[in-house]
Amino acid sequence: MRKRIALLLVMGMCAGLLSGCGGKNTAQESAPSAQEEAAESTEEEAQGDSEGYTIALIPQQVGIPYFETSGVWGQKAAEDLGCEVIYTGPTSGDAASQANIVQDMITKGVDCVAISPLDASAIEPVLEQAKEAGILVITWDSDVNNTDLREVYVNCCSEQVLGEHLMQRFAHYMGEEGDYAIITSVLTAQNCSAWAKYATEYQEANYPNMNRVAYEPCDDDQSKAYSITQNLMTAYPDLKGVLGVTTPAPPAAAQAVGEAGRNGEVIVSGVVEASAAKAYLEDGSMQEANIWHPGKLGYLAIYTAKTILDGGSIEDGQDVPEVGVVEVKDDQIIMTELLDITLENIDEFDF
Amino acid sequence: MEKMKKLRPSLNGIVLLAAFLGIVVIGTVASRNFLTIRNILSIFQQMPEMGIMAIGLTIVIITGGNDLSSGTTMGLCAVISGLCLTSGMPIALAVLVSLAAAVLCGCLNAVLVAVIGIPPMIATLGTQMFFYGAALVLSKGNSISNIPREFYFLGQNKIAGIPLQAIILVLLTVILAVVLKKRVFGKHLIAIGNNSKASAYSGVQTERVLFAAYIICSVLCCIAGNIQVSRVATARADMGYSFLMPCISAVVLGGTSIDGGIGGVGGTVVGVIIFAMISNIMNLAGISSFWQQLATGSILILVVVFNKITENHKLQRRKKESN
């Protein structure tokens, strides 16, 4: 009798587990069922002809507004261009799990892996595998160390364009005169240093009444950027502005300016995401945030992948739909459009 | 009746196997790429790191303890090994240095838990941050690349078509399973987990056994760290950081009681494989990573609830029988 009960229990559990899993499966099916079917059909098609490419759009991490925006626009590009986009990435900032995902995408047999590497070197062994398997590899948002492993790099913006644009907007609020400081990430950060360099050069050439009094690294640490701003305001009582060329800097500078009760007297702007800038734009301690559109970056990545898979290439100065004019330099495709986020338009951006 | 008694202890095993087979079936239905040799090999290239860490953790959890520092021990050892390798040290020496560091990590945990008597959760929470901090300081927060190509064998080579790390995992699992079932040391581990005071009174040198348990766990984390460094050709302080929770889940899923005294390493490995298959299936089917967490969570809850129900059932039956 007991034996029978035990057996029944086990059978029930098996059924329960299966139906439990099955239940989840149907739940998944009900949500991304179309996607799944499409995936299967493209899998089949991929063998036959070249129609309906499958492109894996892999961010550094899912669940972050910046990358989710890229994902949404990537799917939009998929609809516009008639291909399949799988947007998936690590749920935590774990470089090895991003490598696992790439490996699974190779097994799945996608046509292209478009990746924003979490670690510029840890991803290389699997990208090598992808290349060997004949899969097109492109990078977007950030690049790998060994650039031979990828076909092109879809870059968020030209260093010169962003640097000069930052200075134009900053100088506008400064009234094109007075002392200012730049806060960067670390002195060795190639991109931030370049932005700061172009911004400063543009100021020297166009705004002679402005004077850079300090150039400080904050190590991408918001609390350090905060104390740097406090110290700068003490050391230079006439300081009229702080330009942050790394995302943690503008909010930190704005916080310090706000707490000193000097909103508007000390101008704050720079590179920062809309979500991080919102509170400071609203309380008036920050004047403007300048950044590229992460969604358009995702769109451009898919557009580029599709173009290369079709055997074409992106031309310098080409006007890409939804994205705008792009610049092509060697093996980089560079977005040129930048967003000026102010109190008026902040609600349009969800990243 | 006799048969029943033999069957009963493996009930958890049957449930685990059913879950395992269920997922294989779902995987086969969901993607035609799932049950291919290529994919199976890639799963066995991806999961051994977590598997090795999880079997180490099983040893500690069986004693009624826990090692929350296991993930960061892996990161610290990875960084140490990476620094040694890039400084031009011979490979064997670099691995030895990282193993020595792992032994120290294990000793520190054991001193806090076994000698000073701090609850394992708190002690290893402290060392978790400490090791992570040490790894960050040593690596200056950067990722260490340019690992010499000769070191790639550990995580990228295959022997007779099977990834080397999978073979290492199997060997370690077999050794630990034998130790747990057949050796006095294994019985002591379980005895401490059942009742630490009683086992001390009956002559078990609890301190010594706990030292061994925590050192084994750290050393296995170190091996996992070295494998990952080799597989991705990079060392980072945050390696293994995200492994802790999945590992604890796999240990519990595998039938080891979080209170200690019951469990084994075989179940843990099956647990890790189940988790690895879930994320693999989702990736192959092109389903968002968010669903992976949901699926993993539901499987864990289902199995744990089932284990608890059967346990309660047994207790009731025993009560009835004694009445």
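Just so it is clear: chains get the letters A, B, ... in the order the sequence lines come, proteins before strands, and each one is counted from 1.
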Residue from B:Leu284, B:Asn280, B:Asn39 passing side-chain contact (heavy atoms from CB on, under 4.5 Å) with A:Lys108: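 Only match with A:Lys108 under side-chain contact (heavy atoms from CB on, under 4.5 Å): B:Leu284.
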Query raised in the report: Which members of residues 113-127 of chain A, sorted by number, sit under 4.5 angstrom from chain B on a heavy-atom basis?
Result: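 At a heavy-atom separation under 4.5 Å, chain B is reached by A:Leu118, A:Asp119, A:Ser121, A:Ala122, A:Pro125.
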Chain B-proximal positions within residues 56-65 of chain A [heavy-atom distance under 4.5 Å]: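 Heavy-atom contacts from residues 56-65 of chain A to chain B are A:Val62, A:Gly63.
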*asked:* Let's test your reading of the structure: which of A:Ala96, A:Ser97, A:Ser92, A:Ala99 forms the most heavy-atom pairs below 4.5 Å with chain B?
replied: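 With the most close heavy-atom pairs to chain B, the winner is A:Ala96.
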**Message:** Restricting to non-hydrogen atoms, name the atom on B:Gly286 and the atom on A:Ile86 that form the minimum distance, rounded to 0.1 Å.
**Reply:**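 So the minimum-distance heavy-atom pair works out to CA-CG2, 3.9 Å.
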Quiz prompt | Residues forming a ring-ring contact (aromatic ring centres under 6.0 Å, His included) with B:Tyr241, sequence neighbours excluded | solution =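 Partners of B:Tyr241 under the ring-ring contact (aromatic ring centres under 6.0 Å, His included) test: B:Tyr132.
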To the nearest 0.5 angstrom, please state how far the [atom1] atom of [X] sits from the [atom2] atom of [Y].
X        : Y        : atom1 : atom2 : result
A:Thr107 : B:Leu41  : OG1   : CG    : 10.0 Å
A:Ile101 : B:Gln46  : CD1   : CD    : 9.0 Å
B:Ser31  : A:Asp104 : OG    : CG    : 10.0 Å

*asked:* The test is side chain to side chain contact (heavy atoms under 4.5 Å, CB included); show your working for A:Asn100 and B:Ser279 and say whether it passes.
replied: CA-CA 9 Å; A:Asn100 295 351; B:Ser279 71; over 6 Å; no
By a 4.5 Å heavy-atom criterion (distance strictly below it), what part of A:Thr88 contacts chain B: side chain, backbone, both, or neither?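 Interface part for A:Thr88: both.
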Q. So which part of A:Glu128 gets closer than 4.5 Å to some heavy atom of chain B, the side chain, the backbone, both or neither?
A.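 The answer is the side chain of A:Glu128.
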Pair A:Thr91-B:Gln293, side-chain donor/acceptor within less than 3.5 Å:
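A:Thr91 vs B:Gln293: donor-acceptor pair found between side chains.
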Residues 220-228 of chain B side chain polar contacts: donor-acceptor under 3.5 Å, at least two apart:
unit_1, atom_1, unit_2, atom_2, d
B:Asn226, OD1, B:Ser81, OG, 2.6
B:Asn226, ND2, B:Ser98, OG, 3.1
B:Asn226, ND2, B:Cys222, O, 3.2
B:Gln228, NE2, B:Glu49, OE1, 2.7

Practice problem: Might you confirm whether atom CG of B:Asn142 has over 12 heavy atoms from other residues, nucleotides or ligands at distances under 6.0 Å? | Solution: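 It does: B:Asn142 CG has more than 12 such atoms within range.
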Could you tell me which portion of B:Phe34 (side chain, backbone, both or neither) has an atom closer than 4.5 angstrom to a non-hydrogen atom of chain A?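 For B:Phe34, neither part sits under 4.5 Å from chain A.
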Item to complete: Between chain A and each of B:Arg231, B:Gln156, B:Met239, B:Arg38, count heavy-atom pairs under 4.5 Å; write down the option with the most.
Response: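 It is B:Arg231.
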